[in-house]
Amino acid sequence: MTSLAVQVRSKMFPNGVCAIRDLAFNAQRGEFVAIVGPSGAGKTTLLGLVAGLDADMDGCIRMEARGASQDSPRIGFMFQEPRLMPWLTVRQNIDLVLRPYAGTRNALQDDARVREMLDMVGLKDFAMMFPGQLSAGMRRRVALLRAFIIEPALLLMDEPFESLDAPTAEQLRSMLADLWRRTSPTVLFVTHNLAEAVSLADRILFLSARPARVILDYAVPLPRPRAPASASVLQVQHHLLARHPQLLEGLVQPAVKTGACHAGAG
Ligand code: ADP
């Protein structure tokens, strides 16, 4: 069942920059969709539109609520910067995002979930610490937990593991895969790291350079779990880049035509 339907005919900024044109896709409930495109293509702009942070566009974005009891679907975010409140402890930073839902949730269950998730991401003994007392990787773990704790129907992630060292980024990806498997939000995950996209996503939407549009909608043909450095993930990347050498610059090779003149091609 479709969870998210995005159709942006045009997103123009007041300075005349057209960031997105004729970009459309659907995502199924619980689907993990990676969005890959050149820098400046319009990826962050797209997430802002989907989040409803920016409503100034020509187009339509529809999202289905998870159940009848939920008026508007919950949306979780994770950005490149963890965006934690430095004057609040880890636990207080997490409680802060739960506060708007206090009337609709069971506080005891929430407390148990926070403790369980702190344990899952290896932060059980750090709940009373302040962000400044944590490593960069630990701060991202708090941000990851915070994104999931509200049980979002849709999770928007904008290069969340950028600028981390490789082992820390891999540890976070594995935590993300685990949390997603348990709670199944629909995910839009922006990255320019093809190995990361192939290792995490069900589908990858490759975007053109600005104005962004979808140039390739690719279903990742691999079972899980997948490690970014595994032979199968490398093989998929190799296959994609062999077919479309300029894919990461936002260009796909035209489809090979079959017919009398091209018999045998392809
Ligand atoms: P990406 O996330 O793919 O790197 P962005 O969505 O951040 O790209 O930006 C897409 C384009 O829109 C860029 O050319 C950027 O300079 C421009 N842009 C982004 N935000 C604004 C804004 N508020 N006003 C004008 N132009 C903007």
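In this chain, numbering begins with 1 at the start of the sequence shown. In listed order, ligands and their atoms are each counted from 1.
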Note every protein N or O atom lying under 3.5 Å from an N or O atom of ligand 1, pairing the names and giving the distance.
residue	atom	partner	partner atom	Å
ligand 1	2 (O)	Thr44	N	2.9
ligand 1	2 (O)	Thr44	OG1	2.9
ligand 1	3 (O)	Ala41	N	3.0
ligand 1	3 (O)	Gly42	N	2.9
ligand 1	3 (O)	Lys43	N	2.9
ligand 1	3 (O)	Lys43	NZ	2.8
ligand 1	4 (O)	Gly40	N	2.7
ligand 1	6 (O)	Thr44	N	3.4
ligand 1	6 (O)	Thr45	N	2.9
ligand 1	6 (O)	Thr45	OG1	2.6
ligand 1	8 (O)	Gly42	N	3.2
ligand 1	14 (O)	Arg210	NE	3.0

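- Between Val33 and Asp202 the shortest side-chain heavy-atom distance does not fall below 4.5 Å.
- Using a 4.0 Å cut-off between charged side-chain N and carboxylate O, Lys43 and Glu159 make no salt bridge.
- A salt bridge between Asp111 and Arg115 is present, with a side-chain N of the basic residue lying under 4.0 Å from a carboxylate O of the acidic one.
- Figure legend: cation-pi geometry between Lys124 and Phe126 absent, as NZ or CZ is not positioned both under 6.0 Å from the six-membered ring centre and within 45° of its axis.
- Residues Met57 and Ile20 are not in side-chain contact: their nearest non-hydrogen atoms beyond the backbone lie 4.5 Å or more apart.
- Ion pairing of Asp217 with Arg203 is present here, as a side-chain N (NZ or NE/NH1/NH2) and a carboxylate O approach within less than 4.0 Å.
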